[in-house]
Amino acid sequence: FRRVLFRSVWVLSNRHQLPMISKLHLQIDPRSGVPVYRQLMDQVKYYVAGGTLRPDDQLPSIRELAIAISVNPTTVVKTYTELERDGVIVMKHGKGAFISASAQKLTAGEQLDTIRRSAKHLAVEARQLQVPSPRVVKVVREELTALDGERQDGEVPVKFSVVQGG
């Protein structure tokens, strides 16, 4: 079993002249075989690609994010360094990390291709485990409903969380 802990980190947005607050959902799975910094990078890139994070949105400070998701600050430094190298964020000395103006949102087709890769991976695992298709679909619906249930009025439907081995 894995125990899931939910933690919130606020991301300030410079949209519409007034700062808005969005919550992001990051799922860190230490048993996935993917380094934590890479999991963070990929998820930030997905939020940018999907339009949840937009140019000039400010990410949490290194220390704030490290504390919120229970990782070493060095992991967040590596994440931010790689995101900056990839042109996704811009680090402003003394001010923090911001989504780059050149960060690209994916088209609907590109988003579908990305989610299809994840769906294919899930389908293969389900077949290997001999889990019937209706049960897989039911689990996916339950997970989507759980994420939708975490929404509060006026919030983007995302939240930071940590998956820890238990």
Side-chain angles (χ1 to χ4, degrees), residues 2-122 125 143-144 147 150-152 155-166:
R2 289 188 294 185
R3 186 177 49 157
V4 179
L5 303 174
F6 292 98
R7 302 177 191 253
S8 294
V9 175
W10 303 101
V11 178
L12 298 180
S13 172
N14 293 327
R15 299 176 211 157
H16 312 312
Q17 305 284 334
L18 295 173
M20 294 171 54
I21 295 180
S22 300
K23 286 185 182 181
L24 300 183
H25 177 101
L26 291 183
Q27 182 170 313
I28 308 303
D29 186 351
R31 292 195 251 170
S32 74
V34 177
V36 171
Y37 86 92
R38 188 71 215 183
Q39 292 179 52
L40 289 170
M41 276 183 64
D42 290 346
Q43 292 176 64
V44 168
K45 286 180 177 183
Y46 284 156
Y47 281 122
V48 170
T52 300
L53 287 175
R54 298 180 187 165
D56 295 326
D57 282 353
Q58 184 175 7
L59 295 175
S61 74
I62 291 165
R63 183 171 184 229
E64 289 170 333
L65 184 54
I67 290 169
I69 60 174
S70 303
V71 299
N72 190 308
T74 307
T75 301
V76 179
V77 168
K78 183 164 185 165
T79 300
Y80 282 8
T81 300
E82 293 294 316
L83 286 169
E84 185 174 38
R85 185 182 57 79
D86 290 350
V88 176
I89 67 169
V90 175
M91 297 294 290
K92 297 180 182 176
H93 186 69
K95 294 190 178 186
F98 297 83
I99 301 301
S100 168
S102 63
Q104 303 232 342
K105 183 178 175 188
L106 293 179
T107 66
E110 291 168 327
Q111 289 175 354
L112 185 60
D113 289 344
T114 299
I115 202 70
R116 189 171 299 281
R117 282 192 301 273
S118 295
K120 174 133 184 158
H121 181 76
L122 176 61
E125 284 184 348
E143 291 299 322
L144 289 170
L147 288 173
E150 293 172 2
R151 293 184 194 186
Q152 294 178 3
E155 288 183 345
V156 176
V158 287
K159 192 176 186 179
F160 276 93
S161 70
V162 179
V163 177
Q164 296 182 340

Minimum-distance pair of heavy atoms, taken over all atoms of Pro55 and Ala101: CB-CA, 3.8 Å

Considering all heavy atoms, the nearest Glu110-Thr107 contact: OE1-N, 2.8 Å

Pairwise side-chain contact, Val44 with Leu53, heavy-atom cut-off 4.5 Å (strictly under): yes

Any side-chain heavy-atom pair of Thr81 and Arg85 under 4.5 Å: no

Closest approach of Thr114 to Tyr46 (non-hydrogen atoms, all atoms of both residues): CG2-CE2, 3.5 Å

Inter-residue atom distance Leu83.CG - Ile89.CD1, 0.5 Å rounding: 5.0 Å

Expected output: side-chain Asn72 to main-chain Thr74 donor-acceptor under 3.5 Å: yes

Nearest-0.5 Å distance, CG of residue Leu65 to OG of residue Ser70: 10.5 Å

Ile115 atom CD1, over 12 foreign heavy atoms within 6.0 Å: no

Tyr80 versus Ile62, closest heavy-atom pair with distance: CD2-CG1, 3.8 Å

Atom CD of Gln104 with >12 non-hydrogen neighbours under 6.0 angstrom: no

Where Asp86 and Met41 come nearest, the two heavy atoms and their spacing: OD2-CE, 3.4 Å

Distance-minimising heavy-atom pair for Gln111 and Gly50: NE2-CA, 3.5 Å

Check ion pair Asp113-Arg117 (N to O, under 4.0 angstrom): no

NZ on Lys45 to CD on Glu82, rounded to 0.5 Å: 8.5 Å

Close side-chain approach of Ile28 and Gln43, heavy atoms under 4.5 Å: yes

Heavy-atom side-chain contact between Ile69 and Leu40 under 4.5 Å: yes

